[in-house]
There are 2 protein chains.
Amino acid sequence: MGEFSKEVNATFDSEFVKAMLNLKYTANYITTLNNKELEPHQISIAQYNILRILRGAKKPIPMKLVKKRMIEKSPNTTRLTDKLCDKELIERVRCEEDRRAVYVSITPKGLKLLSKIVFKEMPTRMQYLTKDELVLLNSLLDKIRD
Amino acid sequence: MGEFSKEVNATFDSEFVKAMLNLKYTANYITTLNNKELEPHQISIAQYNILRILRGAKKPIPMKLVKKRMIEKSPNTTRLTDKLCDKELIERVRCEEDRRAVYVSITPKGLKLLSKIVFKEMPTRMQYLTKDELVLLNSLLDKIRD
DNA sequence: TGTTTTTATTTACCTTGGTAAATAAATGAA
DNA sequence: TTCATTTATTTACCAAGGTAAATAAAAACA
């Protein structure tokens with residue numbers, strides 16, 4: 001019995017370690033795939049996400065909100081928006097009511113770029129999972145993080 | 001019908017995008033958690049993995065194999081072993097039969113460190129998933145990568 | 001045997017992203 | 001009002017990790 005529960009634990013442990021490695025490896029795999037597809041458009045997947053957030057917002061939103069929607073650390077949000085500003089894909093305006101805040105919005109050039117981007121690799125891979133499986137995956141991942 | 005399938009697709013798409021973000025976020029979350037726990041031991045989770053691989057091997061193994069077992073890019077394996085060598089946790093020996101190859105092994109100091117490391121945070125979180133759920137998670141992740 | 005190709009590892013260089021401190025403005029309390 | 005605290009963002013600095021080229025030795029082959 002002691003021996004048996006040890007055995008069960010060992011299996012659980014190895015399945016857990018495997019899941020952790022698998023998780024990191026898959027996440028990395030997806031990021032690489034995304035970035036490879038975005039390379040011709042000269043933006044990273046993180047920058048692409050910001051553009052999508054701003055298109056979705058339909059109006060200027062504070063950095064604070066961009067950061068929150070990206071689940072990113074602030075310094076990184078600043079750096080990413082810096083790059084998008086340089087490329088004139090987004091615009092930054094200091095808020096007049098609260099001069100600490102900065103509002104960000106997507107430019108027509110940014111919208112045009114977004115409309116040109118179509119992921120080809122991903123939809124192919126996506127077909128390997130059904131919607132139900134995706135829902136399941138999401139619930140398992142949520143569980144890991146509480 | 002056209003409208004309905006569009007609806008289904010939209011849901012699938014959003015579930016997919018959610019899964020991708022979830023995956024990256026969870027992977028990052030785990031790495032951060034791991035590194036925080038390893039901080040008192042002055043090693044990163046990547047370095048910890050190398051030590052475990054070397055302990056498991058029970059004898060000196062070529063860099064090539066370490067790299068393969070870590071699913072890491074070569075330059076990174078070199079850098080990580082550099083750091084472990086500096087701390088005298090592992091040893092590197094140039095192979096005499098094939099002088100291109102370098103063999104790596106764990107030192108007594110490395111083994112001692114490994115034996116001291118006990119993850120506390122992880123087992124708690126682990127309890128949120130059953131072994132069956134972990135198996136399921138692994139199979140879903142495998143599917144994404146083919 | 002001499003030359004080309006392949007293999008194993010490392011170095012150089014660069015980008016990304018993390019932490020902590022700096023800045024600057026708003027809020028709250030004495 | 002004035003000073004301490006909180007909030008929003010940025011800057012400075014550092015570590016991790018990726019690509020491509022360098023090195024060096026083995027294998028293949030003409």
Side-chain angles (χ1 to χ4, degrees), chain A residues 21 24-25 27-39 41-50 60-87 90-105, chain B residues 21 24-25 27-39 41-50 60-87 90-105:
Chain A
L21 290 173
K24 289 183 198 184
Y25 185 55
N28 192 47
Y29 168 84
I30 287 169
T31 302
T32 308
L33 214 69
N34 285 156
N35 283 333
K36 206 161 278 171
E37 281 218 67
L38 287 171
E39 218 185 327
H41 302 290
Q42 307 258 41
I43 55 168
S44 69
I45 185 67
Q47 288 172 42
Y48 171 80
N49 283 337
I50 293 188
I61 55 170
M63 283 290 285
K64 191 187 159 185
L65 199 56
V66 179
K67 174 192 141 195
K68 197 176 162 195
R69 295 206 177 146
M70 289 178 70
I71 327 171
E72 281 275 353
K73 302 277 160 63
S74 324
N76 208 29
T77 312
T78 300
R79 282 184 294 238
L80 289 166
T81 53
D82 278 350
K83 282 170 195 164
L84 291 168
C85 275
D86 290 349
K87 292 175 205 145
I90 66 169
E91 264 171 2
R92 265 186 299 206
V93 182
R94 177 75 52 182
C95 174
E96 283 309 317
E97 287 78 54
D98 183 341
R99 295 196 48 75
R100 292 169 305 177
V102 171
Y103 277 68
V104 210
S105 60
Chain B
L21 290 173
K24 290 184 197 183
Y25 185 55
N28 192 48
Y29 169 84
I30 289 169
T31 302
T32 307
L33 214 68
N34 285 156
N35 283 332
K36 207 161 277 171
E37 281 219 68
L38 286 172
E39 218 184 330
H41 302 289
Q42 307 257 42
I43 57 168
S44 68
I45 184 67
Q47 289 172 41
Y48 171 80
N49 282 337
I50 293 187
I61 55 169
M63 283 289 285
K64 189 187 158 184
L65 199 56
V66 179
K67 174 192 139 193
K68 197 177 161 192
R69 294 205 179 146
M70 290 178 68
I71 328 169
E72 280 274 354
K73 300 279 161 64
S74 323
N76 207 30
T77 312
T78 299
R79 282 183 295 236
L80 291 166
T81 55
D82 277 350
K83 281 170 195 164
L84 291 168
C85 273
D86 290 349
K87 292 174 205 145
I90 66 168
E91 262 170 2
R92 264 186 300 204
V93 183
R94 176 76 50 181
C95 175
E96 283 308 316
E97 287 79 53
D98 182 340
R99 297 195 49 74
R100 289 168 307 178
V102 171
Y103 276 68
V104 211
S105 60

Nucleotide [N], atom [atom2] - distance to [atom1] of [X] in whole Å:
{"X": "B:M63", "N": "C:dT11", "atom1": "CE", "atom2": "P", "value": "10 Å"}
{"X": "B:K64", "N": "C:dA8", "atom1": "NZ", "atom2": "P", "value": "4 Å"}
{"X": "B:I50", "N": "D:dA16", "atom1": "CD1", "atom2": "P", "value": "12 Å"}
{"X": "B:N28", "N": "D:dG17", "atom1": "CG", "atom2": "P", "value": "12 Å"}
{"X": "B:K24", "N": "C:dT16", "atom1": "NZ", "atom2": "C1'", "value": "13 Å"}
{"X": "A:L38", "N": "D:dG18", "atom1": "CG", "atom2": "C1'", "value": "17 Å"}
{"X": "B:M70", "N": "C:dT9", "atom1": "CE", "atom2": "P", "value": "14 Å"}
{"X": "A:L84", "N": "C:dT16", "atom1": "CG", "atom2": "P", "value": "11 Å"}

Just compare [options] and give me whichever is closest to any side-chain atom of [X].
{"X": "B:R79", "options": "D:dC13, D:dG18, C:dT9", "value": "D:dG18"}
{"X": "B:P62", "options": "D:dG17, D:dT11, C:dT9", "value": "C:dT9"}
{"X": "A:N76", "options": "C:dT9, C:dG17, D:dG18", "value": "C:dG17"}
{"X": "B:D98", "options": "D:dA26, D:dT10, C:dG18", "value": "D:dA26"}
{"X": "A:T78", "options": "C:dG17, D:dA20, D:dT11", "value": "D:dT11"}
{"X": "B:R99", "options": "C:dT9, C:dG17, D:dA26", "value": "D:dA26"}
{"X": "A:V102", "options": "D:dT10, C:dT19, D:dG18", "value": "D:dT10"}
{"X": "A:R100", "options": "D:dT7, D:dG17, C:dT10", "value": "D:dT7"}

To the nearest 0.5 Å, what is the distance between [atom1] on [X] and [atom2] on [Y]?
{"X": "B:I45", "Y": "B:I30", "atom1": "CD1", "atom2": "CD1", "result": "10.0 Å"}
{"X": "A:T32", "Y": "A:N28", "atom1": "OG1", "atom2": "CG", "result": "4.5 Å"}
{"X": "A:T78", "Y": "A:M63", "atom1": "OG1", "atom2": "CE", "result": "4.0 Å"}

- Closest to the 5' end of DNA chain D, once A:S74 and A:K36 are matched to their nearest nucleotides, is A:S74
- Please say whether more than 12 non-hydrogen atoms of neighbouring residues, nucleotides or ligands are located less than 6.0 Å from NZ in B:K87. yes
- Message: Within the supplied structure, the quantity of interest is the number of heavy atoms (other residues, nucleotides, ligands) at a distance under 6.0 Å from A:K68 NZ; does it exceed 12?
- Response: no
- Going by heavy atoms in the side chains, are A:K24 and B:N34 under 4.5 Å from each other? yes
- Message: Heavy-atom nearest nucleotide on DNA chain C for B:T32 versus B:D82: which residue maps closer to 5'?
- Response: B:D82
- Would you classify A:E97 as touching base, sugar-phosphate or nothing, given that sugar-phosphate means primed atoms plus P, OP1 and OP2, and contacts are heavy atoms under 4.0 Å? sugar-phosphate
- Within the structure shown, what part of the strands sits under 4.0 Å from A:R94 by heavy-atom distance: base, sugar-phosphate, or nothing? nothing
Using only side-chain N and O atoms of [X], determine if any of them is under 4.0 Å from OP1 or OP2 of [N].
{"X": "A:K83", "N": "C:dT15", "answer": "no"}
{"X": "B:R92", "N": "C:dT10", "answer": "yes"}
{"X": "A:K73", "N": "C:dG18", "answer": "no"}

